[in-house]
Number of protein chains: 4
Amino acid sequence: MATRGVNKVILIGNLGADPEVRYTPSGDAVANVRLATSETWKDRATGELQERTEWHNVVFFGKTAEIVKQYLRKGSKIYVEGKLRTRKWQTQDGQDRYTTEVVVDMGGTMQMLDSRQGSASSVPLEDTPPPARSRPTTPDAARPSHPDSGGFGDGADFDDDIPF
Amino acid sequence: MATRGVNKVILIGNLGADPEVRYTPSGDAVANVRLATSETWKDRATGELQERTEWHNVVFFGKTAEIVKQYLRKGSKIYVEGKLRTRKWQTQDGQDRYTTEVVVDMGGTMQMLDSRQGSASSVPLEDTPPPARSRPTTPDAARPSHPDSGGFGDGADFDDDIPF
Amino acid sequence: MATRGVNKVILIGNLGADPEVRYTPSGDAVANVRLATSETWKDRATGELQERTEWHNVVFFGKTAEIVKQYLRKGSKIYVEGKLRTRKWQTQDGQDRYTTEVVVDMGGTMQMLDSRQGSASSVPLEDTPPPARSRPTTPDAARPSHPDSGGFGDGADFDDDIPF
Amino acid sequence: MATRGVNKVILIGNLGADPEVRYTPSGDAVANVRLATSETWKDRATGELQERTEWHNVVFFGKTAEIVKQYLRKGSKIYVEGKLRTRKWQTQDGQDRYTTEVVVDMGGTMQMLDSRQGSASSVPLEDTPPPARSRPTTPDAARPSHPDSGGFGDGADFDDDIPF
DNA sequence: TTTT
DNA sequence: TTTT
């Protein structure tokens with residue numbers, strides 16, 4: 001994908017909730033995540049510590065969405081590299097709305113940052129079976145055979161055959 | 001400003017219109033810009049060249065806002081480093097709305113990328129006098145004496161005393 | 001290519017000399033470039049403007065190397081996204097040396113930032129190791145047919161079929 | 001510090017050894033760190049998992065250097081944002097050498113990424129030039145008084161008064 | 001060795 | 001020399 005211009009977002013933050021995963025008609029996973037990045041600073045006047053949390057809508061596609069589904073959950077800390085995209089959508093009564101998301105696709109990356117064994121986020125999410133005919137026979141075939149090995153699943157680019 | 005987490009946006013694109021500049025009650029400039037980043041790619045099926053343009057709301061503060069005001073205009077090509085911020089606001093009839101912007105403040109940067117002399121964007125915007133008492137006596141004192149010298153004004157970080 | 005860890009470099013600068021291009025035995029182009037990034041600041045004590053230029057060795061591979069060869073030359077301004085790599089090599093008398101380069105490969109990008117028509121860097125470099133007299137009559141054969149269309153050659157990612 | 005050009009490095013990796021800290025004549029800390037970033041990929045031919053580790057010299061100044069000294073040690077995982085700088089130096093027999101480093105100064109950032117309590121890197125390094133037997137009995141004296149608060153020490157920018 |  |  002060639003570009004004229006640069007559109008890049010880099011985030012490190014924690015999931016505010018478990019990922020929401022859905023499947024396209026063609027069977028591709030799409031994962032949505034709420035990611036919090038916090039900044040803290042000292043108020044110059046009062047000297048008090050301030051904190052501001054920013055929430056980001058992050059969308060993953062394809063193979064990375066599968067990894068997100070399996071390995072991330074509420075509280076997981078991740079590094080994300082993606083791009084900005086503003087989507088137009090309509091409310092039920094036909095009003096226009098715009099939502100800006102961070103899209104992580106072929107040009108992006110996701111990495112898990114808390115792969116210590118035993119930590120919450122290295123425990124795979126329950127592998128909820130996707131829509132009947134999209135991945136029917138062996139829904140868990142891709143799950144690593146040693147779920148307790150810790151830290152697997154880290155590092156996922158789109159041109160991977162397998163993420164680990 | 002300390003951070004727990006990373007929130008970084010990097011853009012290269014062109015202004016869709018002249019910057020809109022306003023002043024805070026304390027006299028600080030705030031500049032808003034619509035920035036277009038385009039990506040093009042070849043459709044795998046048809047082989048046709050596709051293009052998608054993304055529009056970003058970029059907000060500059062303080063000294064950088066002044067530079068934006070003076071040196072950027074419709075068509076200007078810039079590099080921007082900032083962070084994401086989603087603002088909640090209300091419509092006239094009291095409905096909640098959210099707008100995501102790229103904020104360029106002390107932790108960010110702006111650089112002009114088309115400083116060729118004679119190019120549109122190196123010509124300062126008309127220096128519309130700010131609110132009466134905020135910059136009273138010599139509103140244009142900071143304007144370079146050789147407006148045709150081209151290319152000055154490139155590069156502006158917040159800790160500059162003077163940007164050039 | 002999966003990663004555990006992040007290794008990313010982003011540069012905007014000017015070429016200090018024409019690119020040096022060579023070919024691997026398998027026929028793939030490799031382009032080397034010296035890229036200058038400058039930073040300027042005001043000395044706090046003297047108030048004088050200081051400047052420091054940093055020189056980077058940037059290496060391009062494959063299709064991007066071809067584009068570098070054709071469209072970049074001394075003075076060209078580019079945006080580069082790549083990664084750090086330190087190479088070990090030997091002097092003629094067998095001493096070890098290390099050179100750190102910015103590698104722009106499949107995970108990276110290059111964009112030309114001075115695509116104004118008539119500007120030096122939008123003029124293609126002379127094409128390849130041309131058998132002495134083979135190119136003189138039509139030195140600009142590789143030049144796009146609409147030299148005034150501006151902006152060609154900008155934007156090159158590795159998964160492009162053709163950069164424009 | 002204004003810039004014409006962009007010179008930015010973003011790394012996530014692990015320390016290969018404890019930081020080396022020295023002090024300038026004026027008493028400012030300078031910390032040097034060896035940082036490993038690994039990338040892994042599947043060999044297309046053999047299908048075997050490949051790994052390549054890149055080692056980076058990272059230099060921290062001032063307050064961040066103090067934090068590096070106190071909280072990082074061999075194995076610590078960090079996020080780093082800095083710039084490239086190639087330094088010329090001389091061997092004992094007067095030969096020129098060049099070393100490229102990632103400099104983390106006022107325009108950069110460091111963040112600790114393994115702040116789980118109990119993890120190696122949240123344990124402060126032994127404090128300064130310690131009179132030989134001064135630390136063994138209370139090795140953790142420098143540890144914040146609320147060790148269970150978790151995540152302290154994360155996040156350090158240069159304009160902090162205190163990093164946490 | 002670039003650029004302004 | 002790290003990490004998985």
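By convention in this document, chain letters (A, B, ...) are assigned in the order of the sequence lines, proteins followed by strands, and residues within each chain are numbered from 1.
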Going by heavy atoms in the side chains, are Leu15(B) and Leu35(B) under 4.5 Å from each other? yes

Between dT1(F) atom C1' and Leu11(D) atom CG, what is the distance in whole Å? 16 Å

Can you check the Tyr79(A) OH to dT4(F) C1' distance for me, whole Å? 18 Å

Passing option when Glu101(D) is tested against His56(D), Lys83(D), Arg87(D) for side chain to side chain donor-acceptor pair (under 3.5 Å): Arg87(D)

Arg85(C)/Glu54(D) ion pair, N-O < 4.0 Å: no

State, with a plain yes or no, whether a side-chain heavy atom of Thr86(D) is found less than 4.5 Å away from one of Thr99(D). no

Would you kindly give the CD1-to-P distance between Ile12(D) and dT2(F), to the nearest whole Å? 20 Å

Between C1' on dT1(F) and CG on Asn32(D), what's the gap in Å once rounded to a whole number? 15 Å

Kindly point out which of dT1(E), dT2(F), dT2(E) is positioned nearest to the side chain of Thr53(C)? dT2(E)

Side-chain N or O of Lys74(C) versus OP1/OP2 of dT2(E): is the shortest distance under 4.0 Å? yes

Just how far, in rounded Å, is C1' of dT3(E) from CG of Asn14(C)? 4 Å

For the side chain of Ser38(D), starting at C-beta, report the closest nucleotide among dT3(F), dT2(E), dT1(F). dT3(F)

Closest listed nucleotide, where the reference is the side chain of Glu51(D) and the choices are dT1(F), dT3(F), dT2(E): dT3(F)

To the nearest Å, give me how far apart CD1 (Ile67(A)) and C1' (dT4(F)) are. 15 Å

Give the rounded distance in Å between these two atoms: CG of Leu35(D) and C1' of dT2(F). 8 Å

Asp114(C) CG - dT2(E) C1' separation (whole Å): 11 Å

